[in-house]
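What follows is a short report on a single structure.
Naming: A, B, ... by sequence-line order, numbering from 1 per chain. Every heavy atom of this structure was used, including side-chain atoms; hydrogens, water molecules and symmetry mates were not.
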Amino acid sequence: MTYAEEVEKMTFEESIKTLEDLVKELEAGGIDLDRSIEIYEKAVLLRNHCRQILDESERRIQKIMESSGTLKTEDLKFE
Amino acid sequence: MPEVISVTELNTRVSELFSKSVSLNDLWVSGEISGLKKYPSGYYFSLKDTNSVISAVIFKSALSRLGFEPTENMKIRAFGRVALYVPRGQYQFIVEVIEKSGIGDRYLAFEALKKKLGEEGLFEQSHKRILPAYPKKIGVVTSQSGAVIHDIITTSASRYTADIVLAPAMVQGNGAAQSIVAGIELLNKSDVDVIIVGRGGGSIEDLWAFNEEIVARAIYNSKIPVVSAVGHETDFTIADFVADARAPTPTGAAAIILRDKSEIRSELQGYMTRLNRAIGSVMDGMKHSFQLLDSKLGLQSALDDLEMRSMMVEELSKTAESSIIASFKDMKNQYTSVDARLRPSRALEDINGLKTTVEASLERIQASSKHIMDIGTTRLQSVSEGPEKAIASILKKSEQELDSDTKQLEGLNPSNVLTRGYSMITDKGGRVLTSIGRIKVGDSIIVRLRDGSAEADITSKELKE
């Protein structure tokens with residue numbers, strides 16, 4: 001699995017946490033250029049993934065009920 | 001003649017009667033506030049019960065001591081006296097103190113439950129769960145017809161996107177507590193990440209369900225974090241103490257749970273700014289070491305073409321291609337083979353010093369260029385999109401330069417020696433003859449000069465002492 005594919009599977013929270021960790025690692029210094037570049041590439045992927053999630057604004061508004069032991073959800077409508 | 005008095009006199013007598021009456025002074029009256037009118041001098045209202053009504057007034061000074069705002073329909077106990085308003089002949093109740101009726105009992109029940117649950121550990125900070133930072137789905141236990149669900153839907157629209165699942169519940173009146181508990185339990189069977197339990201503002205009676213023990217326990221036992229959002233900011237309920245977080249209002253609950261999108265975006269941007277700054281300092285460090293390397297090479301190199309190569313290396317380091325290493329090696333091999341073929345000892349001496357310097361320099365350049373190439377290659381990959389074409393053309397140019405350099409280097413090498421009066425002897429197969437042992441009397445040999453060759457026969461030979 002490429003890193004891009006890994007990122008694609010991450011939740012927003014995981015992505016932003018990973019991004020934060022990478023930034024801190026790079027800021028701490030003492031790493032070679034290979035790792036620096038790797039961090040940069042990963043960070044860009046993570047940033048893009050986060051943006052993609054943020055751009056998504058479609059949401060469902062539902063109500064949940066239980067009838068005879070089974071859960072039922074339906075779209076919430078107001079009169 | 002019977003006594004005739006004025007209306008004023010009459011009302012004054014009645015007023016005096018009232019003021020002297022023990023039963024009409026310093027008494028508590030219970031009733032409900034109705035027709036409340038607010039004036040700068042005080043509040044005027046009717047105090048009524050199911051069968052009767054009396055005008056009442058509470059003046060500004062008494063009002064300011066109350067600590068709460070009397071409202072329409074509020075059930076109260078009022079302390080005061082009955083007085084007649086002489087100009088109108090109307091009597092009214094002058095209120096000194098108002099207590100919300102039933103508040104005493106409620107208050108005691110509230111305090112008792114709070115103490116009990118507190119001792120049991122239901123309010124412990126250690127039990128409080130951390131709210132998910134970016135929930136995908138929010139459950140809401142409230143009335144479907146109330147303002148709360150609308151407020152939450154509206155407030156959350158501009159925030160981090162999450163689905164909303166309402167578990168409709170009665171939030172006041174008989175059965176409200178049970179209904180709220182059912183809602184919390186229902187959402188615990190669903191996949192919501194966090195639950196808001198709430199209702200809008202109202203009287204203490206309206207909010208009472210949130211002070212019920214079963215509601216407190218349902219919140220405590222919820223596997224999913226619960227945010228309470230009951231009434232106004234000043235209203236505190238038992239539910240607020242048990243919940244993992246308390247929101248001042250239902251709108252506030254949405255704001256607590258879901259972060260503002262623009263805020264998240266700027267945080268994201270902040271990370272990228274820090275990242276760029278950090279990578280920038282890595283690059284600066286590299287540039288510095290390139291410069292250092294270059295200056296070293298410049299100082300130590302005695303050969304112009306090597307100096308030129310070191311400059312080329314620096315240039316290439318920005319773009320990079322590991323084939324330069326191969327080119328260097330190739331060059332060195334060529335040099336070695338030329339050297340092997342052309343062994344006249346005089347020429348060898350001529351170039352020995354040169355060779356050593358060249359080889360040492362080549363090796364140093366190989367080592368450092370390999371290092372720089374590796375760095376450069378990686379950097380190239382990171383920015384690879386645009387500059388590929390440019391790099392390709394730089395590389396091509398570099399190769400051409402390398403070719404011409406190689407020619408120059410060869411020019412310095414022993415082949416050149418022929419032009420200076422030396423000749424090279426080979427057998428008929430073209431092999432260079434470097435030892436007398438390889439030549440027999442009667443052999444034919446080829447003598448190579450600068451501008452041609454001649455065949456000669458060996459008539460005698462002599463071994464050097």
Side-chain angles (χ1 to χ4, degrees), chain A residues 10-79, chain B residues 132-141 144-145 149-150 152-153 156-168 182-183 185-187 189-192 261-262 264-265 267-279 281-283 285-286 374-383:
Chain A
M10 283 189 190
T11 65
F12 189 85
E13 192 168 3
E14 287 164 347
S15 304
I16 206 154
K17 177 80 178 80
T18 312
L19 176 59
E20 186 185 352
D21 290 346
L22 288 174
V23 169
K24 283 181 182 161
E25 185 185 340
L26 192 63
E27 281 177 337
I31 48 174
D32 63 18
L33 194 75
D34 281 351
R35 178 65 184 152
S36 302
I37 299 299
E38 184 188 340
I39 285 176
Y40 196 87
E41 286 173 338
K42 285 182 170 182
V44 169
L45 287 172
L46 289 162
R47 193 269 317 266
N48 292 346
H49 184 57
C50 286
R51 277 188 180 166
Q52 197 186 324
I53 295 175
L54 284 176
D55 289 342
E56 180 59 62
S57 59
E58 205 166 295
R59 58 177 179 166
R60 303 196 71 170
I61 296 175
Q62 295 181 303
K63 76 173 171 182
I64 189 168
M65 287 151 303
E66 189 170 24
S67 63
S68 54
T70 51
L71 293 184
K72 207 176 72 178
T73 53
E74 60 183 50
D75 287 344
L76 184 59
K77 288 182 192 74
F78 297 104
E79 291 78 39
Chain B
Y134 303 98
K136 285 198 174 70
K137 208 177 254 193
I138 301 173
V140 184
V141 180
Q144 187 175 343
S145 56
I149 186 68
H150 288 283
I152 290 171
I153 291 169
S156 56
S158 65
R159 298 186 159 262
Y160 185 79
T161 306
D163 292 340
I164 294 173
V165 181
L166 172 71
E185 288 172 352
L186 184 57
L187 287 173
K189 293 178 201 162
S190 78
D191 59 349
V192 299
K261 271 193 181 176
S262 58
I264 306 172
R265 281 182 203 280
E267 183 182 316
L268 211 51
Q269 193 46 53
Y271 284 133
M272 296 316 284
T273 307
R274 282 167 61 186
L275 193 77
N276 284 330
R277 204 179 296 139
I279 201 99
S281 83
V282 172
M283 292 299 175
M286 240 174 53
D374 288 348
I375 287 168
T377 306
T378 320
R379 184 202 252 190
L380 177 64
Q381 283 162 355
S382 81
V383 289

A:Leu26 versus chain B, the contacting section by heavy-atom distance below 4.5 Å
both
Measuring heavy-atom distances to chain B, does A:Leu76 have an atom under 4.5 Å in its side chain, in its backbone, in both, or in neither?
side chain
Non-hydrogen atoms of chain A under 4.5 Å away: do they reach the side chain of B:Ile138, the backbone, both or neither?
neither
Does the side chain of A:Gln62 come within less than 4.5 Å of B:Asp163's, by heavy atoms?
no
Considering only heavy atoms from C-beta outward, does the side chain of B:Asn276 approach that of A:Tyr40 to under 4.5 Å?
yes
Could you have a look at B:Ile153, B:Leu187, B:Ile149, B:Val140 and say which one has the most heavy-atom pairs with chain A under 4.5 angstrom?
B:Ile153
Leading residue by heavy atom contact count with chain A [cutoff under 4.5 Å; candidates B:Pro168, B:Ala157, B:Ser281]
B:Ala157
Give me each pair satisfying salt bridge (Lys or Arg N to Asp or Glu O under 4.0 Å) with a member in residues 62-76 of chain A, each pair once, sequence neighbours excluded.
A:Arg60-A:Asp75, A:Glu66-B:Lys189
Interchain contact, B:Ala182 with chain A, by part (heavy-atom threshold 4.5 Å)
neither
What part of B:Ser145 lies closer than 4.5 angstrom to a heavy atom of chain A: side chain, backbone, both or neither?
neither
Among A:Ile31, A:Leu19, A:Leu46, who wins on heavy-atom pairs under 4.5 Å with chain B?
A:Leu19
For the pair A:Asp21 and A:Lys17, find out whether any cationic side-chain nitrogen is under 4.0 Å from an anionic carboxylate oxygen.
yes
Between A:Glu13 and chain B, which part of the residue has a heavy atom less than 4.5 Å away: side chain, backbone, both or neither?
both
Residues forming a side chain to side chain donor-acceptor pair (under 3.5 Å) with A:Glu20, sequence neighbours excluded:
A:Lys24, B:Tyr271
May I ask you to decide if A:Cys50's main-chain N or O and A:Ser15's side chain share a donor-acceptor pair within less than 3.5 Å?
no
Contact part of B:Ala162 toward chain A, heavy-atom cut-off under 4.5 Å: side chain, backbone, both or neither?
backbone
Distance col, row B:Leu268:CG vs A:His49:NE2, nearest 0.5 angstrom, shows 11.0 Å
